[in-house]
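Each chain gets a letter, A, B and so on, in the order the sequences are listed, and its residues count up from 1. Just so it is clear, the structure is predicted and the values come from calculations on it, not from any experiment. Computation of the quantities below employed the complete heavy-atom set of this structure, encompassing side-chain atoms and omitting hydrogens, waters and symmetry-equivalent molecules.
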Protein chains: 2
Amino acid sequence: MAPEKRVTIRDVALAAGVSPGTVSRAMNDSPLVNEDTHRRIMRVVEELDYTPNVVARRLSLGKTLAVGVIVPFFTRPSVSERLNGVVSLLATSQYDLVIHNIETPEQRASCLTEIPFNEQADGILSISLTPTDAEAERLAEADLPMVLIDGDHPALKGVHHQVTVDDVAGGEATTRYLIELGHTKIGFVGDHHDNPFNFTSSRDRYVGYQRALREADIPVRAEYLEENQHGRRLARESARHLLALDDRPTAIFAASDTQAVGVLEAAREAGLGVPDELSVVGYDDVEIADILGLTTRRQLLFESGRRGVELLLQTLENPGTERVFETLPTELIVRETTAPPQG
Amino acid sequence: MAPEKRVTIRDVALAAGVSPGTVSRAMNDSPLVNEDTHRRIMRVVEELDYTPNVVARRLSLGKTLAVGVIVPFFTRPSVSERLNGVVSLLATSQYDLVIHNIETPEQRASCLTEIPFNEQADGILSISLTPTDAEAERLAEADLPMVLIDGDHPALKGVHHQVTVDDVAGGEATTRYLIELGHTKIGFVGDHHDNPFNFTSSRDRYVGYQRALREADIPVRAEYLEENQHGRRLARESARHLLALDDRPTAIFAASDTQAVGVLEAAREAGLGVPDELSVVGYDDVEIADILGLTTRRQLLFESGRRGVELLLQTLENPGTERVFETLPTELIVRETTAPPQG
DNA sequence: GTGAGCGTTGCAATCGGTTGAATTAAACCG
DNA sequence: CGGTTTAATTCAACCGATTGCAACGCTCAC
C-alpha cells in the first residue's frame, strides 16, 4: 500500500539470512551456491517480488545491456520495415533498444560522432547511413561493435559487420529489364546524388542504370536524370520535367517506390496512360507498390534489419567474431506499370 | 592510439588538481564552484575529451534519464506517425527513448505489467493501448509518470496524462457526413471489437456510427457490420462480404485508412465504380489516403505524440503537475471517394 | 590428530558518478 | 585582533549490483 521503497539485493539477503554476494550469485545461477540456499533465496525473491536494478547491474558489469540504433527518417516505409526487423529480433534478447532518429544533417553528424562514444550502448546499429572517410576513421577508434545495415564503408576497421544490397547491380538489372522491354528512352528520378546525409542508394542505382545503358549501347542523356530531395511531391515535380521534354522518356526508373508514386501522379496529370504510354518502375517493394500495382525491385528490408541484429548479438556474445559483409539479393516484381513502349 | 581506457571524473580531477566532487559540480554548473576553477576544469574536460558515464550518473541520481515507449505494431503508418511526434520532441531533451514494440497479446501483457516496474525508465508513454481495469490498478501502483496517447482509462490514478481523440464523436460525425450525402445503407469495416489487444478505436467509431444512424432514424443492420483482424487484405475480404449482400451498402465506412484501401480493392474487384456506385471513407488520413484520393477523417497523429511527450517531460521536471486529459480534434477531409448515392 | 582439499559463503573493493557534511581559507566587522 | 560569516573545496558515504579473495566447516587420508 505505502509507497514502499524498492526492494534491493540487501533486503533479500537479510530476509534469506545470507550475504548480498550470495544472492547475486544465486540470481545469476552461479554454480557456486548450494542448491538449498539457492532455492531458499529464490523463494524470498518471489515473496519480496525482487527484481535486480538494471542500472546498477550495468554499472557493475560495465555493460549497458542496450544497443543503439541510428536511423534516418524512420517513418519512411522502407526504413521502418528494416527497423521492424531489428525490433523483432532484439525483443527476444536481453538488450534494450535506444532509438536515435535523424532528420537533419546536424543530427546525423552528432549521432555518428557522439553516440558511439558516450557509453550508452554495447553496440550500434546504423541503418541506411554511409559514413564518410573521416567518420569511418573516428568510428574505428570507438571500437564498439557496430553493424551497418544498408550502408557500407570499405575501410571500416574493427568489429564492424555490414548487411547491404548491391544497389549498383540492382539498378543495372532493373534498367536492363526496361531495355529488354524495348525501351531506349529511360528517365531516372532520384535523390540528390550529392546530399548532406550522404545517402548513396539512389546514386548507386543510377550508376547501375548508366552501366546497363552503356552495355546496350544506349547513350546516357543528362536531361533524363532528375535529382531532387526525397519525397513523393518532389518526385512528382521531377517527373513533370521529364514528361515535358520534347523527346520525353517512355519509361521512368524511380529510385524508390515513394518516388515512383510521384511519377505515377505526374503521369496521370499529364494524361499519360501507364503502362501504355509510360512505364514506371520503383525500388523497395513496400506496401504502396502492391496497392498501386507498381513494378518494382524488391529488397529484403525486414530481413536486413533482422540479420543485422543477429550479427550484432553474435559479436556481443562472442567478441572474437570475424567481420561479415553480406549482400542480400534483390528481385524484380513485375506488376502493372511496365510494358513495351508504344508503337 | 592505444585503446586508452575511458576517461573518468577522477582523471579530470587529477589533471585539474581538484577533487572529483568539484568536477562533478562544475559539470553540472553548480553555483558552488568558483568561476576560475570552473573554467580550468572545463578546459581539462575539453583536453581529455571527457564525457560523464551516463550509467553511473543514473545510478547515482536514481533516475534513468530514459523514457519507455510501449507501442503496438509501430510499422503501421498511423502508429509510426505518432511515434514520429514522440521522437521529434524527445530528441531535444536529455532523455533517451527505449522502444518496446508489441506484436502479440503476450507481449502486450508483459510490457504493461513489467516495464513500469523494472526501473528502466523515468516515465512511460503508451501509444494506442487501453489498459484493462486490472492493468490500470496495477499501473497505478507503480506510481511512475505515464502518458497514454490514443488510449484511455477513466480510473487511472496517479500521475497519468491522456491525449486522446474522441473516437465515438469522430465515428458519429463521419457517418453523419455519409447520411447527409443521402446514404442510408452504410456498411462498416473494422477490427474485431473484442480483441486480445484491447484496441478500442474501431469499436468506438462503430458506436458513433450507430449513434448517427439512430439519430437519423436509420435502422442499424447487423449484416452491415464486418469485423476482422486489422489489415488491408482482411478488410478486402470483409468488404467482399458486404458487397455480395443482396441489399448491398451504397457506402462503406472503414475504421482506418488501411482498411479503406482494402475496401477500395474489393470495389474494384466487384466492378463497382467509386464513388458513383460505392462511397468509401476512411479514418486517420495517412499518406496513402492522399495518394489514393480517399475521403477520410484526419486525426492529429504527429501532434498527439508530440503533445504526449510534452506532458511527460513536464511531469518529470515538475512532479506536482496536475493530471491532464486532452482530446484532440478531428477533421473530415473530403476527397474523391465519396458522393451521393446513385439514382 | 593434523593437514589437504573441496564446496560454500562472507567480506570488501569496485564500477563512476553525486551530494551532504566537514573543513579550510579568505573576508569582514566591531 | 579575535570572532564570525561566507565562499570554495575536500571528504566520504552512497546508489545497487558484481566478483576476486579470504575464510569457514567438513570430509577424508595418512
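Interface residues of residues 47-57 of chain B facing DNA chain C, ordered by number: Tyr50(B), Pro52(B), Asn53(B), Ala56(B), Arg57(B); criterion, heavy-atom separation under 4.0 Å.
Counting any heavy atom pair closer than 4.0 Å across all strands shown, Gly21(A) reaches a base atom. Residue Leu59(A) is in base contact, counting any heavy-atom pair closer than 4.0 Å across all strands shown.
A 6.0 Å sphere centred on CD of Glu326(A) holds more than 12 heavy atoms belonging to other residues, nucleotides or ligands.
Side-chain atoms of His100(B) and Asp96(A) form no donor-acceptor pair, as typed in the model, at a separation below 3.5 Å.
Within the helix from dG1(C)-dC30(D) to dG30(C)-dC1(D), the inter-axis angle between the opening and closing five-pair segments is 70°, rounded to 10°.
With respect to Glu310(B) and Arg306(B), no salt bridge is recorded, no charged nitrogen being found less than 4.0 Å from a carboxylate O.
A donor-acceptor contact under 3.5 Å is not formed by the side chain of Thr8(B) with the base of dG16(C). For dG16(D), its base sits under 3.5 Å from the side chain of Arg10(A) at one donor and acceptor pair at least. No donor-acceptor contact under 3.5 Å links the side chain of Arg58(A) to the base of dA17(D).
Side chains of Ile102(B) and Leu129(B) form a contact here, defined as non-hydrogen atoms less than 4.5 Å apart. The shortest side-chain heavy-atom distance between Tyr95(B) and Leu312(B) does not fall under the 4.5 Å cut-off.
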Inset, instruction - Please lay out, stage by stage, how Thr113(A) and Arg138(A) fare under the test side-chain hydrogen bond (donor to acceptor under 3.5 Å, both in side chains). - result: CA-CA 7 Å; Thr113(A) 56; Arg138(A) 193 167 149 75; 4.9 Å; no
Legend entry - Phe74(A) and Phe74(B): CA distance, side-chain angles, deciding distance, ring pair (Phe, Tyr, Trp, His ring centres under 6.0 Å) verdict: CA-CA 10 Å; Phe74(A) 77 92; Phe74(B) 77 92; 7.4 Å; no
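Side-chain nitrogen and oxygen atoms of Ser60(B) include none within less than 4.0 Å of the OP1 or OP2 phosphate oxygen of dT18(C).
Between Ala26(A) and Val33(A), the closest heavy-atom pair is N-CG1, 4.0 Å. Taking every heavy atom of both residues into account, Thr130(A) and Arg108(A) meet most closely at O-NH2, 2.8 Å. Residue Val86(A) comes nearest to Ile127(A) through the heavy atom pair CG2-CD1, 4.2 Å, listed as atom of the first residue, atom of the second, then distance.
Put simply, the side chain of Thr315(B) gets close to the backbone of Leu311(B): a donor and an acceptor are under 3.5 Å apart.
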Between protein and nucleotides 6-9 of chain C, what N or O pairs are separated by less than 3.5 Å?
{"residue": "dT9(C)", "atom": "OP1", "partner": "Thr37(A)", "partner atom": "OG1", "Å": "2.4"}
{"residue": "dT9(C)", "atom": "OP2", "partner": "Asn34(A)", "partner atom": "N", "Å": "2.8"}
{"residue": "dT9(C)", "atom": "OP2", "partner": "Thr37(A)", "partner atom": "OG1", "Å": "3.2"}

